[in-house]
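When a residue number appears, it is its place in the shown sequence, counting from 1. Owing to the predicted nature of the structure, the values given are computational and were not obtained by experimental measurement.
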Amino acid sequence: MFQFFKNKIQSNKEAMLLYVGNSFITLSSFLIIALLSHFLPIETYGIYRFIITISTLAITLGSLGFANALYYYLSSANFSQYQSKINSNRLGLIIMSMITLFLMKLISFFFFEKLADFQLAQYQWVIAGIVCIGILQSNELHIFLINKKIKVYLLITLSVIVLRIASLFLAYYQHWTLLDLLKLHLLWSFVSLLVNQILINRFNQIRQVQINWKEIFEQFHYGFPIGLGLFFGVLLINADRIILSAFYPDPTQFAILSNGNFEVPIITQFYISFSTIALPMLIEAYRQKDFHEFFQIRAKYQQEIMMLLFPIVFALINWSGPVIRIIFGQNYTESAALFAVFASSFLIRFTSHHDVFLATNQTKYISIIQGVELIFHLILTYVLLSNFGMIGASYAYLITNIFYFIFTSYYSAKIMGVSIWKIHNWKHLPPNLLICGFILLVFKSIDAALIYSDLQAILLAIFYVISTYLFLNYRYATILKHG
């Protein structure tokens, strides 16, 4: 699989550039959140995270799959048609941004008094600006991809992020308020939007605004189910924060929960990468009815992920305290217990839960299972949060993911006509977990005897991950060598 990954890099440098660039963008955006966690008082930081959460939800809803629709229609269009389709997409996004702002205003009437501690009144126009710009920016990546100008897009995006990070340090030393920081966020977002839209006009020779309502409705029709699915996904990830703010609104608690239940960017990136690379091979094997090869491909990429994933997850769980304090600061020690539970859910990321559905063109199962998952998760989060506090929300996420793993495995096995025990690489799963656990016990004794600071603990965790991966890789290579 690693060799296949290397061949993919050499044959499709544009795709690899996009992957590396997006990884840096994700990590840089995460760095901004971490810096603000150190710079801002905990209550102010909680308000900031709440604003970012509702803005993300609003942008995802407002974009409504228009970017995916544009990419689909531009892929099959002549260059002469680009101008009309891009203009139609822009107008569609402008309309959706207005509808989204109206819905946000409508919802605020019902929750305004309950969310009084978040002081949203003084930030509402800035939030509106962030949401509108975010919606209008949603199609930029896809247009740059079609124009084969992804280097330009990544350069602009990374430059803006670097400038934003640099300006955060200036704001910190000047003791800027949260409102000033949000204005700064809005400013850099507007700069990015302005530069990108000017370049899009130049690349596609757009000199005038054209309105084609038929194209707008076509793009809406294509993008709506995709956008709705994406919105449900974002809603699921933020369910704990939504429930907390709706029923127990407290900026401090919101800050602690946000810094405990968070996705680790590197884990999402490599598990998606391996499964995405394997997908074309799975599709071909299924078309050829070569089911032995199909399961061999799945087992191989799952093993590659396990060797990378399991040591990292074990380290995150065991050293959750130092990890949280280093990333977010000493004020968030309480988040460590939440993160230890939340990170346990990463263990099921050794496989894509959708690859069988995608390879067999049975994608209806994805939306059905995700819809049921969302409802189940919202109810479970409310129940556990009400009875056990914030740690209940972490357990709700873990339990939901376990059930999701079981259901997707069951239906994947059903589609392939095999038992659930054949659908995953069960042969290597228990040994990998046991080896990671045994080596961790050795490192825990070292930790107890020699480690006296968070930095030392992090260095030990890194050494654990590297040494465990090398051992797992050596073991796997030996198994392959001896058949």
Peer 1: Within this structure, what is the CD-CZ distance for the pair Gln303 and Arg298, rounded to the nearest 0.5 Å?
Peer 2: 14.0 Å
Peer 1: Does any part of the side chain of Ile156, heavy atoms only, come nearer than 4.5 Å to the side chain of Leu199, both counted from C-beta?
Peer 2: yes
Peer 1: Suppose the criterion is ring-ring contact (aromatic ring centres under 6.0 Å, His included): which pairs have a residue in residues 158-193, not counting sequence neighbours?
Peer 2: Phe39-Phe169, Phe39-Tyr172
Peer 1: Taking atom CZ of Phe291 as the centre, does the number of heavy atoms from other residues, nucleotides or ligands within less than 6.0 Å exceed 12?
Peer 2: yes
Peer 1: Would a 4.5 Å heavy-atom cut-off, applied to side chains only, mark Leu398 and Asn401 as touching?
Peer 2: no
Peer 1: Which heavy-atom pair separates Ala343 from Val313 by the least distance, and what is that distance?
Peer 2: O-CG1, 3.4 Å
Peer 1: Among residues at least two apart in sequence or on other chains, which ones pass side-chain hydrogen bond (donor to acceptor under 3.5 Å, both in side chains) with Glu263?
Peer 2: Arg349, Tyr397
Peer 1: Kindly give the heavy-atom pair with the smallest separation between Ser409 and Ile423, and that separation in Å.
Peer 2: O-CG2, 4.1 Å
Peer 1: Is Phe30 close to Ile327 at the side-chain level, that is, under 4.5 Å between some pair of heavy atoms?
Peer 2: yes
Peer 1: Do the non-hydrogen side-chain atoms of Arg90 and Ile200 ever get within less than 4.5 Å of each other?
Peer 2: yes
Peer 1: Can you name the nearest heavy-atom pair linking Leu385 to Asp240, along with the distance?
Peer 2: CD2-O, 4.4 Å
Peer 1: Looking only at side-chain N and O atoms, does Arg49 offer a donor or acceptor that is under 3.5 Å from a partner on Asn259?
Peer 2: yes
Peer 1: Is there side-chain contact between Leu93 and Ser138, with heavy atoms separated by less than 4.5 Å?
Peer 2: yes
Peer 1: Under 3.5 Å, side chain of Arg164 to main-chain N/O of Ser189, donor-acceptor pair present?
Peer 2: no
Peer 1: Phe342 vs Phe346 aromatic rings, parallel, tilted or perpendicular, using cut-offs 30° and 60°?
Peer 2: perpendicular
Peer 1: Please test Asn196 against Glu140 for side chain to side chain donor-acceptor pair (under 3.5 Å), starting from the C-alpha separation and ending with a verdict.
Peer 2: CA-CA 7 Å; Asn196 283 338; Glu140 292 174 349; 2.8 Å; yes
Peer 1: Would Phe262 and Ile33 count as a side-chain contact (heavy atoms from CB on, under 4.5 Å) here? Give the steps.
Peer 2: CA-CA 11 Å; Phe262 71 94; Ile33 291 174; over 6 Å; no
Peer 1: Donor-acceptor pair, Thr157 side chain versus Leu154 backbone, under 3.5 Å?
Peer 2: no
Peer 1: Among side-chain atoms of Thr56 and Asn238, is any donor-acceptor pair under 3.5 angstrom?
Peer 2: no
Peer 1: Atom OG of Ser37 and atom CG of Leu31: how far apart are they, to the nearest 0.5 Å?
Peer 2: 11.5 Å
Peer 1: Hey, does Thr408 have a side-chain heavy atom less than 4.5 Å from the side chain of Phe357?
Peer 2: yes
Peer 1: State, without any angle test, whether Asn212 and Asn87 hold a side-chain donor-acceptor pair at a distance under 3.5 Å.
Peer 2: no
Peer 1: Counting heavy atoms not belonging to His38, are there more than 12 under 6.0 Å from its NE2?
Peer 2: yes
Peer 1: Decide ring-ring contact (aromatic ring centres under 6.0 Å, His included) for Tyr48 and Phe254; before the verdict, give the C-alpha distance in whole Å, the side-chain angles of both, and the deciding distance to 0.1 Å.
Peer 2: CA-CA 10 Å; Tyr48 170 79; Phe254 195 91; over 10 Å; no
Peer 1: Once rounded to the nearest 0.5 Å, what's the spacing between atom OG of Ser412 and atom NE2 of His424?
Peer 2: 6.5 Å
Peer 1: Grab the two heavy atoms, one from Met96 and one from Leu61, that are nearest each other, plus how far apart they are.
Peer 2: CE-O, 4.1 Å
Peer 1: For residues 224-243, which residue pairs pass the ring-ring contact (aromatic ring centres under 6.0 Å, His included) check, not counting sequence neighbours?
Peer 2: Phe220-Phe224
Peer 1: Locate the shortest heavy-atom distance separating Ala285 from Ile297; write the atom from each residue and the value.
Peer 2: CB-CD1, 4.3 Å
Peer 1: Kindly indicate whether a cation-pi arrangement holds for Lys149 with Tyr153, taking the cut-offs as under 6.0 Å to the six-membered ring centre and within 45° of the axis.
Peer 2: no
Peer 1: Looking at every heavy atom in both Leu338 and Ile256, which two are closest together, and how far apart are they?
Peer 2: CD1-O, 3.9 Å
Peer 1: Under a 3.5 Å cutoff, is there a donor and acceptor pairing between the side chains of Gln219 and Asn89?
Peer 2: yes
Peer 1: Measuring from atom CD of Glu43 to atom CD1 of Ile47, what distance do you get when rounded to the nearest 0.5 angstrom?
Peer 2: 5.5 Å
Peer 1: Evaluate the criterion side chain to side chain donor-acceptor pair (under 3.5 Å) for residue pair Glu215 and Ser84; output intermediate values, then yes/no.
Peer 2: CA-CA 8 Å; Glu215 285 186 347; Ser84 173; 2.8 Å; yes
Peer 1: Return yes when atom CZ of Phe407 has more than 12 non-hydrogen atoms of other residues, nucleotides or ligands closer than 6.0 Å, and no otherwise.
Peer 2: no
Peer 1: I need the Leu186 CG to Ile127 CD1 distance, nearest 0.5 Å.
Peer 2: 11.0 Å
Peer 1: Going by heavy atoms in the side chains, are Asn139 and Phe66 under 4.5 Å from each other?
Peer 2: no
Peer 1: Looking at His377, is its backbone amide N or carbonyl O close enough to the side chain of Thr381 to form a donor-acceptor pair, meaning the two atoms are under 3.5 Å apart?
Peer 2: yes
Peer 1: Would you check if there is a donor-acceptor pair between the side chains of Ser192 and Gln137 at a distance under 3.5 Å?
Peer 2: yes
Peer 1: About how many Å separate CD1 of Ile402 and CG of Leu347, when rounded to the nearest 0.5 Å?
Peer 2: 9.5 Å
Peer 1: Do the non-hydrogen side-chain atoms of Tyr404 and Ile348 ever get within less than 4.5 Å of each other?
Peer 2: no
Peer 1: Determine whether the aromatic ring centres of residues Phe50 and Tyr123 are separated by less than 6.0 angstrom.
Peer 2: no
